[in-house]
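This structure is a prediction, so every number in the text was calculated from the model and none was measured. Whatever order the structure lists them in is the order used to number ligands and atoms, beginning at 1.
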Amino acid sequence: MPSLDALFEAAKAIQDKAYAPYSRFKVGAAIATPDGRVFTGCNVENAAYPVGSCAEAGAISAMVAAGESRITQIVVMGEGEALVTPCGGCRQRIREFAAPDTPIHIAGPEGIRKSFTLDELLPFSFGPDNLAAR
Ligand code: THU
């Protein structure tokens, strides 16, 4: 298992790679998987603004491309003093691959600021079970 410290450092390193010339708001995300691997992503913006993608989406794509489909914890690193929690769409993206008690750690450059469970950020969520229950 990667330590939380290692996951934090991975999120910090990938944040620096973000392509965010429009918002100038760089975000990095690092995902840990059950076998101890770490997958990272950064936000990638576009001149056609709505086409940009979030850091969490990039990290999830890397994880899935590597054949993994379970998230054990995730660190999201944003800019500024406020908590940069995943946007609504990314909460749903994480939900597809995480359990209700999966920790989502919100970080700033100085360290982890606050930790939530997925269920705290996305209560009463819709997921694969809903489709299976038909
Ligand atoms: N952003 C993320 O990458 N993840 C989040 O959790 C919040 C927002 C990005 C999207 C956009 O490129 C920039 O931050 C400003 O919204």
Closest non-hydrogen protein atom to atom 10 (C) of ligand 1, residue and atom name please, with distance?
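Atom 10 (C) of ligand 1 sits closest to the protein heavy atom C54 SG, 4.0 Å.
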Protein contact of atom 12 (O) of ligand 1 - nearest heavy atom, named by residue and atom, plus distance
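For atom 12 (O) of ligand 1, the nearest protein heavy atom comes out as E45 OE2, 2.6 Å.
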Under 3.5 Å, is there a donor-acceptor pair between the side chain of [X] and the main chain of [Y]?
X	Y	result
N43	F25	yes
R113	I106	no
E96	R93	no
E68	A32	no
E45	Y22	yes
K26	E79	no

Any protein heavy atom under 4.0 Å from atom 3 (O) of ligand 1?
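Yes; the ligand atom in question has protein heavy-atom contact below 4.0 Å.
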At a 4.0 Å threshold, what atoms of ligand 1 neighbour a non-hydrogen atom of [X]?
X	answer
S23	13 (C), 15 (C)
C87	6 (O)
V27	1 (N), 2 (C), 3 (O), 4 (N), 9 (C), 14 (O)

When you measure from the heavy atoms of [X] to every atom of ligand 1, does any distance fall below 4.0 Å?
X	answer
A20	no
C90	no
V44	no

Assess, by modelled atom type and distance only, whether the side chains of D5 and S3 contain a donor and an acceptor separated by less than 3.5 Å.
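S3 and D5 do not have a side-chain donor-acceptor pair below 3.5 Å.
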Should N43 be counted as touching ligand 1, given the test is an N or O pair under 3.5 Å?
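Such a contact does occur with ligand 1.
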Nitrogen or oxygen atoms of A55 and ligand 1 under 3.5 Å apart
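So ligand 1 has an N or O lying under 3.5 Å from an N or O of A55.
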Hey, could you give me the CZ/OG distance between R95 and S125, rounded to the nearest 0.5 Å?
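If I round to the nearest 0.5 Å, the distance is 3.5 Å.
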Of the choices K26, E56, M77, which has the non-hydrogen atom that lies closest to atom 5 (C) of ligand 1?
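The residue whose heavy atom sits nearest atom 5 (C) of ligand 1 is E56.
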